[in-house]
Protein chains: 2
Amino acid sequence: MSIPSPGSDDAISAGELSARYDKFVVDLLGGIAYGELSAFEHLSSDARHSPTLQDRAVLGKMAVAEFGHFEMVCARLSAMGMDPELAMLPFQLIVDAFHARTRPADWHESLMKAYVVDAITEDFYARIAEHLDADTRAVIAQARTGEEQSALLVGLLQKMLAEDPRLSSRLALWGRRLVGEALTQVQRIGAKHSFLVGLRPDGTQEEAAAEVHAILTALTRGHSKRMSQLGLTA
Amino acid sequence: MSIPSPGSDDAISAGELSARYDKFVVDLLGGIAYGELSAFEHLSSDARHSPTLQDRAVLGKMAVAEFGHFEMVCARLSAMGMDPELAMLPFQLIVDAFHARTRPADWHESLMKAYVVDAITEDFYARIAEHLDADTRAVIAQARTGEEQSALLVGLLQKMLAEDPRLSSRLALWGRRLVGEALTQVQRIGAKHSFLVGLRPDGTQEEAAAEVHAILTALTRGHSKRMSQLGLTA
């Protein structure tokens, strides 16, 4: 029989709240750092599918930007006195599994993955950043992909779909798979780490669950909007 | 029966010499650009073998630098009024075949490949640059890997060999395979393209062949010296 600790739910000390918040930020930055490092590695490998050498450089450029974000987030973790490696480790299996399950079969799928996953990741960061201190928010803002890069991807995807309309149904399906895997990953990370629970450090489990639900809904909505812009069914 | 063109060997016009030189420079830059782009893609994928996330970032950083070189050489080709894509195309099969034949089996081999291939490539550029105009020489100099990066690789390799002396014979063998493949590639490129022949635009075929031989000897000597520094038999 377990003895309930006194006031465990309704009287959390300020010190414990602060520790929980710090743990949350380290988890978040660790997750972002590992996500950026893997994105770098996968984008640069996926680039090899490109039909032309010029296209190959498009994903390469994006990969290089992700590596810059990785270095920047690691620097922030180090400045906080944390070991970036330790902060990243808990996310390695989940992120690797995501990439293993979403291996693009060709250039079209590589481009689509770069666009869909990047956008949904950014939406996720932006949503979470609302709850954070100004310094952490600034780091996360810097880790966002530039507008120019996103516009370039959209342009390439639109051109590709216009040139070969038969691609639409395949890429719509691929988009659904990608978003499904991405949201599953968000849920798994949330369940396994202090990550999403930390969003409302003074809130109850129910409030945290509601917040997670709200995030997933917002991410899905953003994704659907982007697919419509490409003329695809989300 | 072919009619010999008048003075074909001993009276090449200044215009033809200049055209031959330009073709040589475009070939050279195209080869360097494609080499850097592939190095970027391979280093970033090979990085996944790394034992720690920190080590993984070492090759990643090197890959990012190679991508910068690729962009810089492409910019130079564009400034010369050349299409970088067209300039790179002739080197795609040879370089891809090189990487296919030298796929590292683990982190040790990845690190060794990064070091050996990068150094020999730089020696090759440096040797060829002697024959070139100042502008082209400057571009090639900028495409060289920094001292800091090379020193980092040597440090990691030395640490690795000190920790596990059994690695020595395997890595010595791997080094020999890498240098063999690299020199074969240099020869194939030389035979197939105007590349090495252009080294002495006013020279005879015999002089060009002697120059190629001298380059291969110098590259082998540089490689042996680097292996000795690691305590390995070249």
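Computed from heavy atoms alone, side chains included, the values below leave out hydrogens, waters and symmetry copies. Reminder, nothing fancy here: chain letters follow the sequence lines and each chain counts from 1.
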| field | Proximal component of A:A33, with respect to chain B [non-hydrogen, under 4.5 Å] | value | neither
For the [atom1] atom of [X] and the [atom2] atom of [Y], what is their distance to the nearest 0.5 Å?
X     : Y     : atom1 : atom2 : result
B:T52 : A:M88 : OG1   : CE    : 9.0 Å
A:F70 : B:L53 : CZ    : CG    : 7.0 Å
A:S50 : B:E41 : OG    : CD    : 7.5 Å
A:R56 : B:Q92 : CZ    : CD    : 5.5 Å

| query | Would you find more than 12 non-hydrogen atoms of other residues, nucleotides or ligands less than 6.0 Å from A:R101 atom CZ? | reply | yes
| task | Please say whether more than 12 non-hydrogen atoms of neighbouring residues, nucleotides or ligands are located less than 6.0 Å from CD in A:E130. | result | yes
| Exercise: identify the closest heavy-atom pair between B:G60 and A:F67 | C-CZ, 3.6 Å
